[in-house]
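Take a look at the structure below.
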Protein chains: 2
Amino acid sequence: MVRPTIADIAIRAGVSKGAVSFALNGRPGVSDATRERILKIAEQMSWRPHSAARALGASRVDSVGMVIARPARTLGVEPFFAHLLSGVQSGLSAESISLQLLIVEDTATEIEVYRRWASEHRVDGVILVDLTVKDPRIDELKALELPAVVIGGRGGKGALASVWADDRDAMLSIVEYLAALGHRRIAHVAGTPLFQHTVRRIRAVRDAAPRLGLVDAPSLTTDFSDAEGAATTRKLLSQANRPTAIVYDSDVMAVAGLGVAMEMGVSVPGDLSIVAFDDSILTQLMHPALTALSRDTFEFGRQAAEVLLEVIADPAQTINRRTADPVLTVRESTAPPPRQVG
Amino acid sequence: MVRPTIADIAIRAGVSKGAVSFALNGRPGVSDATRERILKIAEQMSWRPHSAARALGASRVDSVGMVIARPARTLGVEPFFAHLLSGVQSGLSAESISLQLLIVEDTATEIEVYRRWASEHRVDGVILVDLTVKDPRIDELKALELPAVVIGGRGGKGALASVWADDRDAMLSIVEYLAALGHRRIAHVAGTPLFQHTVRRIRAVRDAAPRLGLVDAPSLTTDFSDAEGAATTRKLLSQANRPTAIVYDSDVMAVAGLGVAMEMGVSVPGDLSIVAFDDSILTQLMHPALTALSRDTFEFGRQAAEVLLEVIADPAQTINRRTADPVLTVRESTAPPPRQVG
DNA sequence: TGGGTTTGATAAACCGGTATAGCTCCTGCA
DNA sequence: TGCAGGAGCTATACCGGTTTATCAAACCCA
């Protein structure tokens, strides 16, 4: 016997297919004795449900999707996604739901994928990352009636479910820490302003500046690449009144910035303090090791999976779950500013 | 009309379900005129096949799986997987086959996943990575009769299909380059000897040593972590006759090694040359930028997908495809050894 | 002109589950 | 004693495709 079906089990147990289905799904309709017997036989025959058959009958596929729209080149350096993925899977595995992952080049393709997934019934729901300002995916997913949860963007009313951490508070904690050390010229090398979280971080710096007495607190946007991170750093350090501290929106850019500082003979942390808004092994491999904001990305993913399953179970509700706040891990790249402040 | 089924199309076209199925799958049984008409109607109604229904009828799910058994912590720093994934997807997308990705902690769990996938008919085949010596997954997959392709391990007879690059030649090219620069003490900080590719690389170094007149060419194994990479480097550099060049089996370890060298006051490349057996943005971010072996990982993945699809189409055949050889990208971390050789 | 083959199509079975209507007993209660 | 009601189970339709057996009409060639 190759792979047993419930019909095989039914024959062995001397009952009907229906009874077997009831027993295996823990629903009423069979006596405890019969259920016990059927379960034992199913176990013996090492029966497992045929996913397609179940999907067809029950109109759910026990599978969720996740599309990452970034050029592959910039991916993978950041442990962010690997951790997020593991977290998502850990959240899904409890219900033994599988994950479809797709890496695409742009948002247009991403939306295409959602359409295809919806029309082919390939997933029960999706997880969104990298929420942008006026994100076109939101409306699309609503139109497709595909359950979804957004990672990292707290939605307003009528929005999709979401799981988010407080970027604003996190950025404030960094700037406040630097200000407490005595820094007054703090620069912010940001990511792309298309992303909502970038906007929130920039706003946080801007709002905190007067209160903390910062002389200058520019936020310069980049495309998140090491190249632009380096170029922006070079520009900042070439200024007459150069900053005494720089906050980078990613670990990769921070590392690139550190390289530029060394190349220009600017000592870290003596002349310049560096903070990365995102932690990883990268920041720890450096000399000096970088002070960085650590987020529990795994937990982030786990919660996203949980929320998605809830939304799939009851699409009517909108859940907005806030996760643990990130914490600043202070290492060797931050110190009080040099005395001879320009 | 929510989602049209072939029955809807059949009605609109005034034909039977079977005819529609034939037409949509490009198989004989309908006239060209009818086929044309059916296709147009399907297009108009924007019909897409219901994946579960198709899977149930045709007993193939148009989905392949890939399990990565590594602790999430060590994943993601290496762009290797991100590139590999993109490549695999690009190879699959042509046939619009989807990919199930799973990150697990160990091989035992990985095998569990294969069993589940096989019994639930969730995938048509799988892609294996990180082949080990006497890999238990091979026999398991054969027993499950699950089509598979191994990435990076060329199998012997009776083995699974595979896609591989020549690790031996690659390692030789590195060692020969260093020898040509004048190095005679070359150390090799290897990965874990459990992996087949590690073994092949170690063997390559050992075999080349006499021919190239190397005085000493130890291969020291590690667990691929930055910690062990650093520790091993520290040990090597503390020796009386320390090596003038070190080859690292991964970019992360090479970066960690560079850190140790700097910390110990050993100048790179003045006193020590460093080569990474694997390229990434990491190696380019360093100062000095690291000489590294570049592999076309994307292409690697693409070919793996291609081969897997062929194996799925005809499970009888065993394909062993060799991909393009890696090339050495020389950067700033390699130079002739110092004069005062111990 | 007639028998055999090919072409174009249909109806129905089938894949392996789930959902539901309905049947048979058994129990409880008036 | 009779009947309502529920527990336990069966039979069957159904999900949306694919596949096969069957068949009528057209076509072919002697």
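All chains are named by letter (A, B, ...) in the order of the sequence lines, taking the proteins before the strands, and each is independently numbered beginning at 1.
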Over all strands shown, is B:Arg60 touching base, sugar-phosphate only, or nothing at heavy-atom distances under 4.0 angstrom?
nothing
Please list, chain by chain and in numerical order, all residues satisfying side-chain hydrogen bond (donor to acceptor under 3.5 Å, both in side chains) with A:Ser31, sequence neighbours excluded.
A:Thr34
Residue set satisfying side-chain hydrogen bond (donor to acceptor under 3.5 Å, both in side chains) with B:Gln44, at least two apart, ordered chain then number -> B:Arg12
Taking for B:Ala52 and for B:Arg27 the nucleotide of DNA chain D with the nearest heavy atom, the one nearer the 5' end belongs to B:Ala52
Please tell me which of the listed nucleotides, D:dT18, D:dG17, D:dT10, lies nearest to the side chain of A:Val15?
D:dT10
List the residues meeting side chain to side chain contact (heavy atoms under 4.5 Å, CB included) with A:Thr132, not counting sequence neighbours, and say none if there are none.
A:Asp135, A:Pro136, A:Phe195
By side chain to side chain contact (heavy atoms under 4.5 Å, CB included), A:Asp32 pairs with (sequence neighbours left out) A:Arg35
In whole angstroms, how far is the C1' atom of D:dC15 from the CZ atom of B:Arg3?
15 Å
Under 3.5 Å, sequence neighbours excluded: what are the donor-acceptor pairs made by side chains of residues 13-29 of chain A?
| residue | atom | partner | partner atom | Å |
| --- | --- | --- | --- | --- |
| A:Ser16 | OG | A:Ala19 | N | 3.3 |
| A:Asn25 | OD1 | A:Arg54 | NH2 | 3.2 |
| A:Asn25 | ND2 | A:Ser21 | O | 2.8 |

Whole angstrom is fine here: how far is it from CH2 in B:Trp47 over to P in D:dG16?
12 Å
Opening and closing nucleotides of DNA chain C in contact with chain A, under 4.0 Å to non-hydrogen atoms:
C:dG16 to C:dT20
With the threshold set at under 4.0 Å for non-hydrogen atoms, list the residues of residues 17-24 of chain B touching DNA chain D in residue-number order.
B:Lys17, B:Gly18, B:Ser21, B:Phe22
A:Ile6 atom CD1 is separated from D:dT10 atom C1', nearest whole Å, by 13 Å
B:Glu36: what forms a salt bridge (Lys or Arg N to Asp or Glu O under 4.0 Å) with it, not counting sequence neighbours?
none
Pairwise 5' ranking along DNA chain C for B:Arg37 and B:His121, keeping only the more 5' one:
B:Arg37
Salt bridge (charged side-chain N to carboxylate O under 4.0 Å, His left out): pairs with one or both residues in residues 60-69 of chain B, sequence neighbours excluded:
B:Arg60-B:Asp62
side-chain hydrogen bond (donor to acceptor under 3.5 Å, both in side chains) contacts in which one or both residues fall within residues 121-131 of chain B, not counting sequence neighbours:
A:Ser98-B:Arg122, B:Arg70-B:Asp130, B:Glu120-B:Arg122
So does B:Arg54 get a side-chain nitrogen or oxygen closer than 4.0 Å to the phosphate oxygens (OP1/OP2) of D:dG16?
no
Which value, rounded to the nearest 0.5 Å, describes the distance between A:Thr109 atom OG1 and A:Leu102 atom CG?
9.5 Å
For B:Leu144, what residues pass the side chain to side chain contact (heavy atoms under 4.5 Å, CB included) criterion, not counting sequence neighbours?
B:Tyr114, B:Arg115, B:Ala118, B:Glu140, B:Leu146
Taking A:Ser46 for the side chain and A:Glu43 for the main chain, is one N or O donor matched with an acceptor at less than 3.5 Å?
no
Five-pair end axes of the helix from C:dT1-D:dA30 to C:dA30-D:dT1 and the angle they enclose, rounded to 10°
50°
So what does A:Arg35 touch, heavy atoms closer than 4.0 Å: a base, only the sugar-phosphate, or nothing?
nothing
Phosphate OP1/OP2 of D:dT10: any A:Ser16 side-chain N/O under 4.0 Å:
yes
Separation of D:dG17 C1' from B:Ile9 CD1 (nearest whole Å):
11 Å
Report which part of the nucleic acid B:Thr34 touches: base, sugar-phosphate, or nothing (heavy-atom distance under 4.0 Å, all strands).
sugar-phosphate
Using 0.5 Å steps for rounding, measure from the CD1 atom of A:Ile41 to the CH2 atom of A:Trp47.
13.5 Å
Please report the distance, rounded to the nearest Å, between CG in B:Asn25 and P in D:dG17.
10 Å
